[in-house]
Amino acid sequence: MDILGSFVNIIDTYLIAPLVQRIKYLRNSRDNVNGLQTSVRNLTSRKNDKQSTLRAADNAGQVETDAASNWFQAVNEIEREANNIHEEYYQGTCARSWCVNCWSRYKVSKRSVNLKKEADLRLTEQFPLARQPSPEPVIEMEEEPTQNQPSTQTNLQQLIDHIYDPHSRIIGVYGMGGVGKTTLIGKVNNHFKENPIFDTVIMVTVSATPNIQDIRTRISDRLGLDLSNANEDGSREKLLNALRTKKFLLILDDVWPQSELKDVGIPHPTRSQNGSKIMFTTRSQDVCTDMHADFTMKVKPLSREEAWTLFVENAGQHVIANDRIMYFAEKIVERCEGLPLAIVTVARAMANRHGVGEWANAEREMKESVQDIRGMENKVLTLLKFSFDRLDNDLLKSLFLYCACFPEDHNITEDDIFIFCVGEGLVDKCGSLIAARNKGEALIGSLKVACMLEDGEDEDDEGGSVRMHDMMRELALWITSPMSDSSTKFLIRTDESIVEAAQATDWVGATRISLLNTRIELPELGERCQKLTTLLLHRHEGIQTIPVTNFFQHMDHLSVLDLFDTLNFESLPDSLSCLVNLRVLRLQRCRNLRALPPLGMLRQLQVLDLSYCVNLKHQIFIPEWKGGVSKLRYLDVSYSGVSFQAGMISCLHRLEELRMNYTMIDIIWREGE
């Protein structure tokens, strides 16, 4: 019986059951084919939905996952096979015999059942559709096609050479704002897109007020590193470890003092043996020292020829097609003094200006109020003001603004800076004239390091003069203009062509007034100039007399009165004694000056310069000065007719420096010598 049962099971399993299944395939062939088509239609609908979602993700910067790619490929194959089955079933009839026709339908039906199972499986399959793209080794920076000047290419090659140099691990690029540092390092970044020697090149802007977490996140995103679940210390360590495994070039743009690599999580390349490099840009040479740069480069303004080429490329060929327009255009480019940002900004503002009068007006505005040129305030002056705002202290800011009191391209001398220092009270704070001079030299050095002042061009000045770049001077004039938000207001006229009378209302709110090389008549003042501390009247041809009333009486806070080389006036009014806070009185080269009023009330006076007052025949008596100018520390009477009562000098107990020259020999007496 067991043998019979086993035999029956074998017959059922291997003969009857397969035969029954084949009969079912044959009998249900239509239902199976139609069921497949229903499943495929559902699958196609899901595919279309997935593709719509994927397009949205693509617009958001995401890319298709490998799982999604495989799924779409499998679905396309199912759709193709289902279409073949459909055509075979409804079009593939057998003309020769019924058996062959049944066999064909059987196979189609079976394929339909199997394919439907796969379609149903794909219909319910879950997988990630899109993901963030894998970080590219180098992201190409957009370049200005017009900024390929020869000096830029020379600087670029020099930087690339130092990147290949194993001894240059940290490279610093410094220069004034708008000079083209960012453009230059962008070209460095793009160079390694075509010449890959690093695992990754990362370019990040730091800015004047760096956000450490934001910088860390931008670097980690470029590495494909997720820091979202890490705390401050953890994210820093994860970034450090990730960078240590790579050969990287990290380019940091716009670095300011107090930027620490270790706070971000950037490994020091000098401690790495994998050839990693750090390059950064800054406006301060001191930052290059603080960052331990192995090589530093100063990016200088463009040459005159490069500046003109850049201007024409941005303004258009009509600039050189008309000689009269070209005349004014050259004047405008000259005012930009090689600063690419200013050149491009002005050129684009003038690109659609074809009238000679429009160009003449632009040249006038560049001279009188550069902020009126479209884009100059927002794109140039605002950018440069970051450098001003980041100066270490108010004294540096005050000196920078003071330098704008002199004409453009003027060589500001050591004596000019010395007068500023005395006027600011540095003699008392520092203890002596020499200390104040040294302080002035240190302040100038800081402004030069910050790329806000440049070396002067006066070879005769042994002390070393300085000058302001025209755009830096425009910045200072913008900051101190009546329309600015600053509490410091200047009244500056330094053009020989200016002859209009000065308005008394312009004087009232001013902190410093500079009327250099002008012929403006001095006004009578109707109210106090409560903020006025400095009055510079160098080479002022309009002064025949200084108003006797309503002038010095309203300047009781004045600390500097400088009438250097003003020739026409012969005397100073007695109201000079009202300047009770005056520290500096400079009358050098006032050759027509013939008399001085009493100076005994100038109790704060520390510097008196009467040199080259060749017509001044004045004798100074002990009673006049003994109780008055007791704080005098510097006195220069070289080549003047000034004489002293016997014993006068010994009464000046604080005098540190006396200059007298009667026989073409300078005699300098210093306290303690």
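We find the CD-NZ distance between Q606 and K631 to be 7.0 Å, quoted to the nearest 0.5 Å. Rounded to the nearest 0.5 Å, atoms CE (M297) and OG1 (T154) are 9.0 Å apart. Annotation: the span from E334 atom CD to R304 atom CZ amounts to 5.5 Å, rounded to 0.5 Å. Interatomic distance, I419 CD1 to E424 CD, rounded to the nearest 0.5 Å: 12.5 Å. Going from atom CG of N438 over to atom CG of L443 covers 11.0 Å, rounded to the nearest 0.5 Å. The distance from atom CG of L447 to atom OG of S284, rounded to the nearest 0.5 Å, is 10.5 Å.
Between the side chains of T289 and D286, no donor N or O sits under 3.5 Å from an acceptor N or O. In summary, the side chains of N615 and E570 do not present any donor paired with an acceptor at a separation below 3.5 Å, with no hydrogens or angles considered. Defined by atom type and a distance below 3.5 Å, a donor-acceptor pair is present between the side-chain atoms of K489 and S484. No side-chain N or O of T518 forms a donor-acceptor pair with one of R493 less than 3.5 Å apart.
A side-chain donor-acceptor contact under 3.5 Å links T281 to the backbone of D254. Looking only at distances, no side-chain donor or acceptor of R633 sits under 3.5 Å from a matching main-chain atom of R654. In this structure, T533 contributes its side chain and T511 its backbone to a donor-acceptor pair below 3.5 Å. The closest donor-acceptor contact from the side chain of T282 to the backbone of V255 lies under 3.5 Å. Looking at T345, its side chain does come within 3.5 Å of a backbone N or O of L341 through a donor-acceptor pair. K181 contributes no side-chain N or O that, together with a main-chain N or O of V173, makes up a donor-acceptor pair within less than 3.5 Å. Within the 3.5 Å criterion, the main-chain N or O of H469 finds no donor-acceptor partner in the side chain of E474. In this structure, the side chain of H538 does not engage the main chain of F564 through any donor-acceptor pair within 3.5 Å.
R437 and E657 are joined by a salt bridge, as a carboxylate oxygen and a charged side-chain nitrogen come within less than 4.0 angstrom of each other. At a threshold of 4.0 Å, the pair E306-K300 does not count as salt-bridged, since none of the basic side-chain nitrogens sits closer than that to a carboxylate oxygen. For the pair D389 and K397, the salt-bridge criterion is not met [side-chain N within less than 4.0 Å of a carboxylate O]. Residues R467 and E337 are paired through a salt bridge, judged by an N-O separation under 4.0 Å between the basic side chain and the carboxylate. The pair D562-R586 counts as a salt bridge, with a side-chain nitrogen and a carboxylate oxygen less than 4.0 angstrom apart.
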Should W256 and V287 be marked as a side-chain contact (heavy atoms from CB on, under 4.5 Å) after you check the CA-CA gap, both sets of side-chain angles, and the distance that decides it? CA-CA 7 Å; W256 294 81; V287 172; 5.5 Å; no

Apply the test salt bridge (Lys or Arg N to Asp or Glu O under 4.0 Å) to residues E363 and R324: give CA-CA distance (whole Å), side-chain angles for both, the deciding distance (0.1 Å), then the verdict. CA-CA 12 Å; E363 191 269 334; R324 296 175 67 191; over 6 Å; no

Check the pair R512 / S398 against side-chain contact (heavy atoms from CB on, under 4.5 Å), numbers first and verdict last. CA-CA 11 Å; R512 302 188 198 274; S398 181; 3.0 Å; yes

Can C336 and V346 be said to form a side-chain contact (heavy atoms from CB on, under 4.5 Å), step by step? CA-CA 9 Å; C336 295; V346 178; 4.2 Å; yes

Can you check side-chain contact (heavy atoms from CB on, under 4.5 Å) on F418 and V607, steps first, answer last? CA-CA 10 Å; F418 171 63; V607 171; 4.0 Å; yes

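The two atoms that bring S611 and Q588 nearest to each other are OG-CG, 3.1 Å, heavy atoms only. Contact record, V333 with F311: CG2-CG, 3.4 Å, taken as the closest heavy-atom pair. The two residues P407 and L516 come nearest to each other via the heavy atoms CD-CD2, 3.8 Å. The two residues P340 and V179 come nearest to each other via the heavy atoms CG-O, 3.4 Å. A pairwise comparison of heavy atoms in L576 and P597 identifies CD2-CG, 3.7 Å as the closest pair. Here the shortest heavy-atom pairing between L537 and T566 reads O-OG1, 2.5 Å.
In the displayed structure, R364 atom CZ is contacted under 6.0 Å by more than 12 heavy atoms of other residues, nucleotides or ligands. Other residues, nucleotides and ligands place no more than 12 heavy atoms under 6.0 Å from the NZ atom of K367. Around CD of E330, the count of heavy atoms belonging to other residues, nucleotides or ligands within 6.0 Å exceeds 12.
Between V370 and V380 there is no side-chain heavy-atom pair separated by less than 4.5 Å. A 4.5 Å side-chain heavy-atom check between L585 and L605 finds at least one atom pair inside the cut-off. Taking the side chain as every heavy atom from C-beta outward, I513 and W507 approach each other to under 4.5 Å. With contacts defined as side-chain heavy-atom distances shorter than 4.5 Å, the pair M468/L475 does not qualify. Side-chain contact between L339 and M176: present, with at least one pair of heavy atoms (C-beta onward) separated by less than 4.5 Å. The side-chain heavy atoms of I332 and R335, taken from C-beta on, include no pair separated by under 4.5 Å. Between V629 and L608, every side-chain heavy-atom pair lies at or beyond the 4.5 Å cut-off. When side chains are defined from C-beta on, D409 counts as touching D470, because their heavy atoms get closer than 4.5 Å.
Residue pairs meeting the ring-ring contact (aromatic ring centres under 6.0 Å, His included) criterion with at least one partner in residues 391-413, sequence neighbours excluded, are F388-F400, Y402-F406, Y402-F420, F406-H410.
In this structure T505 satisfies the side chain to side chain contact (heavy atoms under 4.5 Å, CB included) test together with Q503, sequence neighbours excluded.
The side-chain hydrogen bond (donor to acceptor under 3.5 Å, both in side chains) test with T413 singles out one residue from N411, D416, D415, and that residue is D416.
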